[in-house]
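Below is one structure; the comments refer to it alone.
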Amino acid sequence: MKKRTLVGRSVARREDPRLLSGRGRFVDDIALPGMLHAQFVRSTVAHGEIASVDLSAVRHVPGVVAAFTADDLALGDITAQLGRPLSEYVPTAMPVLARDKVRYVGEPIAIVVARDAYAAEDGLEAARVSYTTLPPVTSEEAALAPGAPLVHDEAARNTLVDVSLFATDGIDEIFASAPCVVHVESRTGRQNALPLETRGVVAHWDDREEQLVLQTCTQVPHQVRTVASRSLRLDERAVRVVVPDMGGGFGQKCVVGREEIAAAAAALRLRRPVKWIEDRKDALSASFLAREQHYQVRAAFDADGRILGLDAEVVCDMGAYSCYPFTAGIEPLMASAEMPGVYKVPAYRVRGRAITTNKAPTAPYRGVSRPQYVMVVERLFERAARELGLDPVEIRRRNVITDFPYTGVNHLTYDPGSYLESLNLCERLVQDEGWYEKRATAAAEGRHLGIGYACFSERTGYGSTAFAQRKMQVVPGFDISEVRMDTSGAVTVTTGTMSHGQSHETTMAQIVADELGLNIAKVRLHQGDTDRITYGWGTFASRSITVGGSAVRLAAAKLGDKLRAIAAARWGIDADEVELADGAARRRDDTSEVLTYEDLADIAYLRAHLLPKDIEPGLAATATFDVFTDGTFSNATHGVVVELHQGTGQVEILRYVCVEDCGVAINPQVVEGQCRGGIAQGIAGALFEQVTYDDMGEPSATSFMDYKVPTAHEIPDVLIHHLETPSAFTETGAKGAGEGGTIGAPAAVLNAVNDALRPTGVELDHTPVTPETVHRALNLEAAS
C-alpha cells in the first residue's frame with residue numbers, strides 16, 4: 001500500500017483564508033449588468049382552491065418589470081417517482097407555481113420581478129389572490145381520520161407511502177412468550193435545517209453559449225440542471241448550473257426547489273439576469289422542513305437482557321409534496337430499513353408510512369430518520385434495563401454486534417466496526433472524569449444530575465445498489481472524477497460532490513497529493529459546475545469522501561500510471577520500476593535519475609512526438625466509483641451528563657463525550673468539526689427547535705423570536721476520541737462522518753434527562769424536551 005503522508009493529518013483548511021477574510025463568493029454576492037430581483041407571491045391559506053390571481057396592479061408598481069403566474073410561464077411540474085405499486089407509493093406532482101390549488105401557507109403562486117429587491121417586495125403587496133378555502137389537515141390524526149379532507153385527491157387517507165419491508169415469521173409468538181416486553185411511543189418535532197445562507201439563485205441567458213446559466217446554492221447541481229431543463233423544455237446542454245461558495249445545506253439543499261426554476265423561467269422570458277434570495281421568514285416557514293415523526297415500537301427481551309424482537313410502526317409527516325428526487329419515501333424507508341442498527345435483533349417487523357398534510361414539504365435533513373429511530377431504540381434499551389434490573393450500559397454490551405461482517409434481520413450486511421469498543425471507551429471516559437460520583441453527590445444535595453448514552457451506527461457510502469433497493473426511479477450512487485495535470489505540473493481535480501462546508505478543497509487535495517506524491521499546494525479542486533463536471537450526484541448521506549473521494553483516488557492513480565509509463569519509456573525500463581514522489585518520477589534502482597512532473601508534462605503536451613505510439617498525448621485521467629455492497633457503516637457512542645434546574649426546568653449539559661469511528665479520517669480536524677457541528681444540531685432537536693402550526697395551518701415560528709435556536713452558551717465543549725476501523729469498500733478506507741453527531745445526540749441527551757428524572761417517576765420520550773415539561777416533572781416530585 002502507498003505510504004500516506006497527507007491522508008490522516010489535520011492539514012490546515014485551504015478554504016479558510018478566502019472565507020475568513022471575506023473573499024468568499026456566495027450567491028447574494030453576484031451582481032450582473034441589468035440584473036433584476038425576484039420575490040414570490042405566496043399563499044396565505046394552508047388549503048384552498050385558487051379562485052383568481054390578479055397581478056394587474058403589481059405591474060404598475062414603480063420599479064416592477066414583470067409578474068408571472070403559472071399560466072404565464074407554463075412550466076412542467078416536478079414529480080418524484082418510486083417504482084412501487086400505487087398501494088405502496090402515490091406520486092404527486094409539485095407545480096413550480098401553484099395553479100388550481102394551494103396546499104400550505106407560503107406556497108409560491110406568482111413571481112414578481114423588479115429593478116431592486118425593495119420594489120419586488122412592494123409588488124407583492126399589490127397582488128390580489130382569491131381563494132375558496134378548504135379545511136386544512138395539520139396533524140397525523142387529522143390526516144388519517146375517516147373522511148378527512150384530501151391534500152391530494154389521488155392520495156387516499158392522505159397516505160403517500162405505506163410499506164411493510166420486514167415481518168419475521170412467528171414474531172407474535174416471540175412477543176407473547178418473552179419474559180420482558182417494553183414499549184416506547186415517541187414523537188419528534190418538525191425542524192428547519194437552518195443553513196446560515198438561505199436558498200437563492202441568479203439566472204441569466206448566455207447568448208454566446210446559448211445557455212441558461214443558474215448560479216445557485218445547491219448540494220445537487222446536476223439534479224437542478226435536469227429538472228430545470230425538463231420543466232423549461234430545454235435540451236439539458238442548454239442549462240448550466242454553477243454553485244459558488246455555499247453557506248451550509250444540511251440536506252435542505254439536496255432537493256430541487258421550485259423558486260430557482262421559476263426565477264430561471266423569468267430570466268429566460270425577459271432575457272435579463274434575475275436574482276432571488278430567500279428571506280429568513282420564508283426560510284423558516286415555506287422552505288423544506290424535516291423530522292416530524294411518530295414511532296410506536298415494542299421490544300422483547302429474554303431474562304438476561306438479550307433482545308428477541310423488534311416491532312415498529314413509523315409515521316412520517318412529509319408535508320404537502322414529495323421532494324425530488326428522494327420522494328416522500330425517504331424518511332419511512334430509511335427508518336424501516338435501518339432501525340435494528342448496532343444491535344443483534346433476531347426478529348423484526350415494521351410498517352412505515354408517509355402522510356401528506358397542509359404544511360411546507362420536507363426534505364432530507366442531517367441524519368434522515370436515524371436521529372429519531374436511534375432515540376426510540378435507545379429508549380427501549382433504557383426501559384428494558386430498568387425492568388430487568390440491569391445497568392444501561394451492560395444491556396447494550398450484551399446486544400451490540402461484535403462479529404463482522406454481520407448480516408442483520410434487515411438484510412443489511414455491516415462491515416467491521418468498533419461498536420463494543422466505542423461503548424466501553426465512552427463509559428470509561430465518563431467514569432474517569434468522576435461523573436458517577438458527582439451524580440451521587442448531587443442526588444444527596446437534592447439536585448438532579450443524569451448520565452445518558454447512545455450507541456449507534458451511521459450507514460454511509462450509499463451506492464447505486466442501496467438506492468435501487470428503495471426502488472427510486474432516479475437512482476443516485478456513483479461518482480465520476482477527472483484528474484488532469486498541466487504543463488507546469490499542477491493538477492486540477494473534479495468531483496461530482498458539492499461542498500457546503502465539509503472542506504472538500506482540502507480533503508480531496510490531500511487524497512490526490514498523496515496518490516501522486518505531490519505538494520498539496522499544486523492541487524486545485526473544481527466542483528459544482530455542470531459544464532466542467534461530467535456528472536455528479538452531489539453531497540448528501542455522507543457520500544463525499546466515501547464515494548467521491550474514492551473516484552478521486554482512482555483517477556489520480558490512473559494519472560500516476562501514465563506518468564510512470566512516460567518516464568519508463570524515456571528510460572527504457574518497465575513502468576513498475578518507476579516511483580512517484582516529491583513531484584517527480586524516479587527510478588527505483590537509481591533515485592538520482594529524475595524526471596520532474598514539469599518534464600513529463602512538457603513531453604506529454606509540448607513534445608508529444610517523443611511519446612511511444614501506445615501513449616496518447618496529454619495528462620488526464622477519469623475514473624468512476626460506486627459501492628456495490630450495502631454501504632459502509634461508521635459508528636459511535638455518545639455519553640452526556642446533564643443537570644436539571646428545579647426552578648426553571650432548564651436542561652444544562654455539563655459534559656459531552658463522543659467516541660467515533662469513521663474508518664480512515666482523511667483530515668481528523670475536519671472530522672471533529674463535523675462531529676461538533678452535528679452534535680450541536682442534534683442538541684437543538686432534543687431541547688430547542690420545533691416548527692408548530694395552529695389549527696388553520698399557519699406556522700407559528702416565522703422568526704428567531706419564536707423558533708428557538710441554541711447559541712454557543714447552550715452547546716457544551718465536546719470531548720472527541722477517534723477509533724479507526726478502515727473500510728474495505730472504499731478506496732481510501734474512509735467511512736462517512738457527516739451525520740453521526742446529529743444521529744446520536746438526541747438519544748444521548750434524552751437518556752440523560754430521563755436519568756436525572758429518576759426520582760420523579762416521570763419518563764419523557766418526545767422531543768424537543770422543553771423547560772416547561774421538565775419543570776412540571778420536577779415539581780411533581782416536590783409536591784409529593
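None of the values given here were measured: they were computed from a predicted structure.
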Pairs in or reaching into residues 188-242: which pass ring-ring contact (aromatic ring centres under 6.0 Å, His included), with residues at least two apart or in two chains?
H222-Y535
Before accepting this row, confirm whether a basic side-chain N of the pair [X]/[Y] lies closer than 4.0 Å to the acidic partner's carboxylate O.
X    : Y    : value
R103 : D153 : no
R240 : E209 : no
E141 : R187 : yes
D28  : K275 : yes
K359 : E292 : yes
R237 : D531 : no
D245 : R18  : yes

In the structure I gave you, are the side-chain heavy atoms of [X] and [Y] within less than 4.5 Å of one another anywhere?
X    : Y    : answer
K253 : M246 : yes
Q473 : L82  : no
H294 : E185 : yes

Are I111 and V113 close enough, and set up right, to give a side chain to side chain contact (heavy atoms under 4.5 Å, CB included), and what steps lead you there?
CA-CA 7 Å; I111 182 172; V113 184; 4.2 Å; yes
For residues 324-335, pull every pair meeting side chain to side chain donor-acceptor pair (under 3.5 Å), keeping only residues two or more places apart or in separate chains.
Q293-E331
Does R370 make a cation-pi contact with Y373 (under 6.0 Å, within 45 degrees of the axis)?
no
If the test is side-chain contact (heavy atoms from CB on, under 4.5 Å), which one of T356, T92, V255 qualifies with S322?
T92
Please find out if less than 6.0 Å separates the ring center of Y321 from that of H152.
yes
If only side-chain N and O atoms count, and only distance matters, is there a donor-acceptor pair under 3.5 Å linking [Y] with [X]?
X    : Y    : result
D162 : T159 : no
R199 : S287 : yes
Q252 : N192 : yes

With a 3.5 Å distance limit and no angle check, can you tell me whether [X] reaches the backbone of [Y] through a side-chain donor-acceptor pair?
X    : Y    : value
H504 : H526 : no
N158 : A143 : yes
S285 : K281 : yes

Out of curiosity, L134 CG to L150 CG, how far, rounded to the nearest 0.5 Å?
10.5 Å
In terms of the angle between their ring planes, are F467 and Y462 parallel, tilted or perpendicular, with boundaries placed at 30° and 60°?
tilted
Please lay out, stage by stage, how E689 and R190 fare under the test salt bridge (charged side-chain N to carboxylate O under 4.0 Å, His left out).
CA-CA 8 Å; E689 295 180 12; R190 201 172 192 83; over 6 Å; no
